[in-house]
Amino acid sequence: MNRKKAIRIVLEIIRYVIIIFGAFWMILPFFWLFSASLMSPQELMSDVPKWLPEKPQWGNYVQVLKRIPILTYYKNSLIVAGSVTLLVLLTSSMAGFAFAKLRFSGRKILFSFVLSTMMFPVFIFLIPVYYLMKLFGWLNSYLSLIVPFAVSGYGIFLMRQFILTIPDELLDCARLDGAKEFKIYTWIILPLIKPALATLAILTFIGQWNSFLWPLIVTSTAQRLMTLPVGISRLSLAFSTVETQHLILTALVYQVIPMVVVFLYLQRYYIRGFVLSGFGNL
(Lines give C-alpha, C1' and ligand atoms only; values in the text may rest on other atoms or scores of the structure.)
Protein backbone atom coordinates (compact mmCIF):
# COMPACT_ATOMS: atom_id res chain seq x y z
CA MET A 1 0.00 0.00 0.00
CA ASN A 2 1.53 3.28 -1.08
CA ARG A 3 1.52 6.41 1.04
CA LYS A 4 -1.11 8.32 -0.98
CA LYS A 5 -3.57 5.46 -0.70
CA ALA A 6 -2.98 5.19 3.05
CA ILE A 7 -3.59 8.93 3.48
CA ARG A 8 -6.77 8.67 1.42
CA ILE A 9 -8.06 5.82 3.58
CA VAL A 10 -7.31 7.74 6.79
CA LEU A 11 -9.11 10.82 5.47
CA GLU A 12 -12.11 8.69 4.51
CA ILE A 13 -12.20 7.20 8.02
CA ILE A 14 -12.01 10.67 9.59
CA ARG A 15 -14.78 11.91 7.33
CA TYR A 16 -17.10 9.05 8.28
CA VAL A 17 -16.32 9.50 11.97
CA ILE A 18 -17.28 13.19 11.72
CA ILE A 19 -20.48 12.32 9.83
CA ILE A 20 -21.46 9.67 12.38
CA PHE A 21 -20.69 12.06 15.25
CA GLY A 22 -22.78 14.80 13.65
CA ALA A 23 -25.65 12.40 12.95
CA PHE A 24 -25.57 11.25 16.57
CA TRP A 25 -25.94 14.80 17.88
CA MET A 26 -28.72 15.51 15.41
CA ILE A 27 -30.69 12.41 16.42
CA LEU A 28 -30.07 12.73 20.17
CA PRO A 29 -32.76 15.40 20.86
CA PHE A 30 -35.39 13.35 19.00
CA PHE A 31 -34.41 10.24 20.94
CA TRP A 32 -34.68 12.06 24.26
CA LEU A 33 -38.03 13.60 23.28
CA PHE A 34 -39.52 10.19 22.52
CA SER A 35 -37.98 8.67 25.64
CA ALA A 36 -39.18 11.51 27.88
CA SER A 37 -42.69 11.22 26.46
CA LEU A 38 -42.86 7.74 28.02
CA MET A 39 -41.72 8.87 31.47
CA SER A 40 -43.82 9.63 34.52
CA PRO A 41 -43.82 13.16 36.02
CA GLN A 42 -41.64 11.91 38.89
CA GLU A 43 -38.98 10.62 36.50
CA LEU A 44 -38.92 13.88 34.56
CA MET A 45 -38.59 15.96 37.75
CA SER A 46 -35.91 13.69 39.19
CA ASP A 47 -32.66 15.34 40.29
CA VAL A 48 -30.73 12.70 38.37
CA PRO A 49 -31.42 13.02 34.61
CA LYS A 50 -32.65 9.80 33.02
CA TRP A 51 -32.34 8.77 29.39
CA LEU A 52 -34.74 5.84 29.49
CA PRO A 53 -38.00 5.35 31.40
CA GLU A 54 -38.02 2.65 34.05
CA LYS A 55 -41.50 1.62 32.91
CA PRO A 56 -42.76 3.12 29.62
CA GLN A 57 -45.95 5.10 30.18
CA TRP A 58 -47.77 4.48 26.88
CA GLY A 59 -50.88 5.86 28.50
CA ASN A 60 -49.40 9.37 28.14
CA TYR A 61 -50.41 9.32 24.48
CA VAL A 62 -53.99 8.46 25.42
CA GLN A 63 -54.07 11.20 28.08
CA VAL A 64 -53.05 13.83 25.54
CA LEU A 65 -55.95 12.81 23.31
CA LYS A 66 -58.29 13.21 26.28
CA ARG A 67 -56.89 16.53 27.56
CA ILE A 68 -56.96 18.48 24.28
CA PRO A 69 -58.75 17.95 20.93
CA ILE A 70 -55.47 17.11 19.25
CA LEU A 71 -57.15 15.51 16.23
CA THR A 72 -58.87 18.83 15.52
CA TYR A 73 -55.55 20.63 15.85
CA TYR A 74 -54.01 18.05 13.53
CA LYS A 75 -56.69 18.69 10.93
CA ASN A 76 -56.20 22.46 11.14
CA SER A 77 -52.41 22.19 10.88
CA LEU A 78 -52.66 19.85 7.89
CA ILE A 79 -55.11 22.16 6.12
CA VAL A 80 -53.04 25.28 6.77
CA ALA A 81 -49.57 23.81 6.16
CA GLY A 82 -50.72 21.82 3.14
CA SER A 83 -52.60 24.74 1.54
CA VAL A 84 -49.77 27.19 2.08
CA THR A 85 -47.24 24.71 0.69
CA LEU A 86 -49.28 24.12 -2.47
CA LEU A 87 -49.85 27.85 -2.99
CA VAL A 88 -46.17 28.67 -2.44
CA LEU A 89 -45.11 25.97 -4.91
CA LEU A 90 -47.55 27.32 -7.50
CA THR A 91 -46.76 31.03 -7.10
CA SER A 92 -43.01 30.51 -6.69
CA SER A 93 -42.65 28.24 -9.73
CA MET A 94 -44.72 30.53 -11.96
CA ALA A 95 -42.92 33.69 -10.83
CA GLY A 96 -39.56 31.94 -11.00
CA PHE A 97 -40.28 30.88 -14.57
CA ALA A 98 -41.25 34.43 -15.51
CA PHE A 99 -38.16 36.00 -13.95
CA ALA A 100 -35.80 33.35 -15.38
CA LYS A 101 -37.05 32.82 -18.94
CA LEU A 102 -39.45 35.59 -19.95
CA ARG A 103 -38.38 39.03 -21.13
CA PHE A 104 -40.52 41.98 -20.00
CA SER A 105 -39.92 45.56 -18.94
CA GLY A 106 -39.14 46.11 -15.28
CA ARG A 107 -38.10 42.50 -14.73
CA LYS A 108 -34.89 43.33 -12.86
CA ILE A 109 -36.58 45.97 -10.73
CA LEU A 110 -39.39 43.60 -9.77
CA PHE A 111 -36.93 40.83 -8.94
CA SER A 112 -34.90 43.24 -6.81
CA PHE A 113 -38.09 44.08 -4.96
CA VAL A 114 -38.72 40.36 -4.37
CA LEU A 115 -35.20 39.94 -3.00
CA SER A 116 -35.66 42.97 -0.73
CA THR A 117 -38.60 41.26 0.99
CA MET A 118 -36.15 38.65 2.29
CA MET A 119 -34.17 41.32 4.15
CA PHE A 120 -36.90 42.19 6.67
CA PRO A 121 -37.90 40.03 9.65
CA VAL A 122 -41.44 38.72 9.49
CA PHE A 123 -42.32 40.35 12.84
CA ILE A 124 -42.46 43.87 11.37
CA PHE A 125 -45.34 42.78 9.12
CA LEU A 126 -47.49 41.29 11.89
CA ILE A 127 -49.44 44.44 12.80
CA PRO A 128 -50.07 45.68 9.22
CA VAL A 129 -51.16 42.22 8.04
CA TYR A 130 -53.33 41.77 11.13
CA TYR A 131 -55.17 45.01 10.37
CA LEU A 132 -55.61 43.91 6.74
CA MET A 133 -57.12 40.63 7.90
CA LYS A 134 -59.44 42.56 10.22
CA LEU A 135 -60.38 44.94 7.37
CA PHE A 136 -61.23 42.00 5.11
CA GLY A 137 -63.17 40.26 7.86
CA TRP A 138 -60.90 37.23 7.72
CA LEU A 139 -59.92 36.97 11.39
CA ASN A 140 -60.68 33.60 12.99
CA SER A 141 -60.84 31.90 9.60
CA TYR A 142 -58.64 29.70 7.45
CA LEU A 143 -58.11 32.61 5.07
CA SER A 144 -56.17 34.57 7.68
CA LEU A 145 -53.95 31.55 8.30
CA ILE A 146 -53.27 30.78 4.63
CA VAL A 147 -53.48 33.83 2.37
CA PRO A 148 -50.71 35.98 4.00
CA PHE A 149 -48.18 33.20 3.31
CA ALA A 150 -49.30 32.22 -0.21
CA VAL A 151 -46.29 33.97 -1.79
CA SER A 152 -42.68 33.50 -0.68
CA GLY A 153 -39.78 35.72 -1.72
CA TYR A 154 -37.32 32.96 -0.92
CA GLY A 155 -39.40 30.48 -2.91
CA ILE A 156 -39.40 32.75 -5.97
CA PHE A 157 -35.63 33.21 -5.66
CA LEU A 158 -35.03 29.46 -5.32
CA MET A 159 -37.22 28.61 -8.31
CA ARG A 160 -35.67 31.31 -10.47
CA GLN A 161 -32.15 30.11 -9.71
CA PHE A 162 -33.06 26.53 -10.54
CA ILE A 163 -34.94 27.37 -13.74
CA LEU A 164 -31.95 29.39 -14.98
CA THR A 165 -30.09 26.09 -15.32
CA ILE A 166 -32.60 24.85 -17.93
CA PRO A 167 -31.23 25.52 -21.47
CA ASP A 168 -33.06 28.21 -23.43
CA GLU A 169 -32.74 26.04 -26.55
CA LEU A 170 -35.11 23.48 -25.01
CA LEU A 171 -37.81 26.11 -24.56
CA ASP A 172 -37.18 27.60 -28.01
CA CYS A 173 -37.75 24.19 -29.59
CA ALA A 174 -41.07 23.93 -27.79
CA ARG A 175 -42.07 27.39 -29.03
CA LEU A 176 -41.19 26.41 -32.59
CA ASP A 177 -43.54 23.45 -32.22
CA GLY A 178 -46.32 25.88 -31.32
CA ALA A 179 -46.30 25.51 -27.54
CA LYS A 180 -47.55 28.51 -25.58
CA GLU A 181 -45.86 29.73 -22.41
CA PHE A 182 -48.32 28.03 -20.05
CA LYS A 183 -47.85 24.70 -21.83
CA ILE A 184 -44.07 25.13 -21.63
CA TYR A 185 -44.43 25.81 -17.91
CA THR A 186 -46.60 22.75 -17.25
CA TRP A 187 -45.02 20.24 -19.64
CA ILE A 188 -41.34 21.20 -19.51
CA ILE A 189 -40.52 23.43 -16.55
CA LEU A 190 -42.44 21.65 -13.78
CA PRO A 191 -41.08 18.13 -14.53
CA LEU A 192 -37.50 19.47 -14.62
CA ILE A 193 -37.66 21.37 -11.33
CA LYS A 194 -38.94 18.56 -9.11
CA PRO A 195 -35.83 18.67 -6.85
CA ALA A 196 -36.30 22.39 -6.21
CA LEU A 197 -40.04 21.94 -5.67
CA ALA A 198 -39.38 19.18 -3.14
CA THR A 199 -36.83 21.33 -1.32
CA LEU A 200 -39.24 24.26 -1.15
CA ALA A 201 -42.09 21.98 -0.11
CA ILE A 202 -40.09 20.63 2.85
CA LEU A 203 -39.01 24.08 4.04
CA THR A 204 -42.48 25.59 3.63
CA PHE A 205 -44.39 22.72 5.22
CA ILE A 206 -42.11 22.53 8.24
CA GLY A 207 -42.16 26.31 8.68
CA GLN A 208 -45.96 26.44 8.59
CA TRP A 209 -46.39 23.31 10.69
CA ASN A 210 -44.27 24.85 13.47
CA SER A 211 -45.74 28.36 13.15
CA PHE A 212 -46.98 29.58 16.52
CA LEU A 213 -47.18 33.37 16.84
CA TRP A 214 -49.38 34.20 13.84
CA PRO A 215 -51.94 31.38 14.41
CA LEU A 216 -52.06 32.40 18.08
CA ILE A 217 -52.91 35.99 17.12
CA VAL A 218 -55.54 35.39 14.45
CA THR A 219 -57.33 32.45 16.12
CA SER A 220 -57.34 33.76 19.69
CA THR A 221 -61.14 33.46 19.95
CA ALA A 222 -61.70 30.42 17.72
CA GLN A 223 -60.48 27.22 19.33
CA ARG A 224 -61.89 25.17 16.44
CA LEU A 225 -59.26 26.74 14.14
CA MET A 226 -56.24 26.47 16.42
CA THR A 227 -53.22 24.70 14.96
CA LEU A 228 -51.16 22.06 16.73
CA PRO A 229 -48.46 24.34 18.28
CA VAL A 230 -51.13 26.70 19.66
CA GLY A 231 -53.22 23.79 20.92
CA ILE A 232 -50.24 22.19 22.67
CA SER A 233 -49.53 25.47 24.46
CA ARG A 234 -52.99 25.22 26.03
CA LEU A 235 -51.78 22.24 28.04
CA SER A 236 -49.34 24.39 30.00
CA LEU A 237 -51.93 27.16 30.43
CA ALA A 238 -54.72 24.92 31.67
CA PHE A 239 -52.72 22.81 34.10
CA SER A 240 -49.64 23.12 36.29
CA THR A 241 -46.21 22.60 34.74
CA VAL A 242 -45.43 19.60 36.96
CA GLU A 243 -48.69 17.93 36.00
CA THR A 244 -48.39 18.45 32.26
CA GLN A 245 -44.68 18.44 31.48
CA HIS A 246 -44.70 14.81 30.40
CA LEU A 247 -47.91 15.36 28.41
CA ILE A 248 -46.44 18.39 26.63
CA LEU A 249 -43.48 16.26 25.55
CA THR A 250 -45.88 13.56 24.39
CA ALA A 251 -47.87 16.12 22.39
CA LEU A 252 -44.62 17.31 20.81
CA VAL A 253 -44.03 13.78 19.55
CA TYR A 254 -47.43 14.01 17.84
CA GLN A 255 -46.26 17.28 16.28
CA VAL A 256 -42.89 15.96 15.08
CA ILE A 257 -44.19 12.81 13.35
CA PRO A 258 -45.64 14.50 10.19
CA MET A 259 -42.48 16.56 9.68
CA VAL A 260 -40.32 13.44 9.82
CA VAL A 261 -42.62 11.66 7.37
CA VAL A 262 -42.55 14.56 4.90
CA PHE A 263 -38.78 14.87 5.11
CA LEU A 264 -38.15 11.15 4.67
CA TYR A 265 -40.49 11.04 1.67
CA LEU A 266 -38.83 13.99 -0.08
CA GLN A 267 -35.26 13.66 1.16
CA ARG A 268 -33.89 12.25 -2.10
CA TYR A 269 -34.67 15.60 -3.73
CA TYR A 270 -33.56 17.76 -0.82
CA ILE A 271 -29.77 17.96 -1.24
CA ARG A 272 -30.00 17.89 -5.03
CA GLY A 273 -32.37 20.85 -4.97
CA PHE A 274 -30.03 22.93 -2.81
CA VAL A 275 -26.97 22.12 -4.90
CA LEU A 276 -28.44 22.68 -8.34
CA SER A 277 -30.32 25.86 -7.40
CA GLY A 278 -27.02 27.66 -6.89
CA PHE A 279 -25.76 27.21 -10.48
CA GLY A 280 -27.74 30.13 -11.94
CA ASN A 281 -26.59 33.71 -11.99
CA LEU A 282 -28.40 36.59 -10.36
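Computed over heavy atoms, backbone and side chain alike; hydrogens, waters and symmetry mates excluded. Nothing here was measured: the structure is a model prediction, and the numbers come from that model.
Considering only heavy atoms from C-beta on, Q63 stays 4.5 Å or farther from T250 through its side chain. Between Y254 and L65 there is a side-chain heavy-atom pair separated by less than 4.5 Å. Residues L52 and F31 have side chains in contact (heavy-atom distance under 4.5 Å, counting atoms from C-beta outward). Using a 4.5 Å heavy-atom cutoff, the side chains of W32 and L249 are in contact. For the pair E181 and R175, the minimum side-chain heavy-atom distance is below 4.5 Å. Contact check for Y131 versus P128: no side-chain heavy atoms found under the 4.5 Å cut-off. The side-chain heavy atoms of W209 and Q255, taken from C-beta on, include a pair separated by under 4.5 Å. Side-chain contact between P148 and W214 is present, with at least one heavy-atom pair separated by less than 4.5 Å.
Note: F99 and F104 have tilted aromatic rings, judged against thresholds of 30 and 60 degrees for the angle between ring planes. Relative ring orientation between F34 and Y61 is described as tilted, the plane-to-plane angle lying within the 30° to 60° band.
Listed by chain and residue number, Y185 satisfy the side chain to side chain donor-acceptor pair (under 3.5 Å) test with S93 (two or more places apart in sequence, or in another chain). When the ring pair (Phe, Tyr, Trp, His ring centres under 6.0 Å) test is applied to W138, the partners found at least two apart in sequence or on another chain are F136. Among residues two or more places apart in sequence or in another chain, the salt bridge (Lys or Arg N to Asp or Glu O under 4.0 Å) test is passed with R103 by none. The ring pair (Phe, Tyr, Trp, His ring centres under 6.0 Å) test applied to F125 returns no partner, not counting sequence neighbours. By the salt bridge (Lys or Arg N to Asp or Glu O under 4.0 Å) test, E169 pairs with no residue at all, sequence neighbours left out. Taking D168 as the reference, K101 meet the salt bridge (Lys or Arg N to Asp or Glu O under 4.0 Å) condition, with sequence neighbours excluded.
Checking side-chain atoms of S83 against main-chain N and O of V80 turns up no donor-acceptor pair under 3.5 Å. Here the side chain of Q57 pairs a donor or acceptor atom with the backbone of K55 at under 3.5 angstrom. A donor-acceptor pair is defined here as one N or O able to donate and one able to accept, closer than 3.5 Å; such a pair exists between the side chain of T91 and the backbone of A150. The closest donor-acceptor contact from the side chain of S77 to the backbone of Y74 lies at 3.5 Å or more, if one exists at all.
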Begin from the C-alpha positions of N76 and Y142 and carry the test side-chain contact (heavy atoms from CB on, under 4.5 Å) through to its verdict.
CA-CA 8 Å; N76 294 335; Y142 283 124; 2.6 Å; yes

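Note on V147: it clusters hydrophobically with L126, by side-chain heavy-atom contacts below 4.5 Å among ILVMFWY residues.
Across every non-hydrogen atom of I156 and S92, the tightest pair is N-OG, 3.6 Å.
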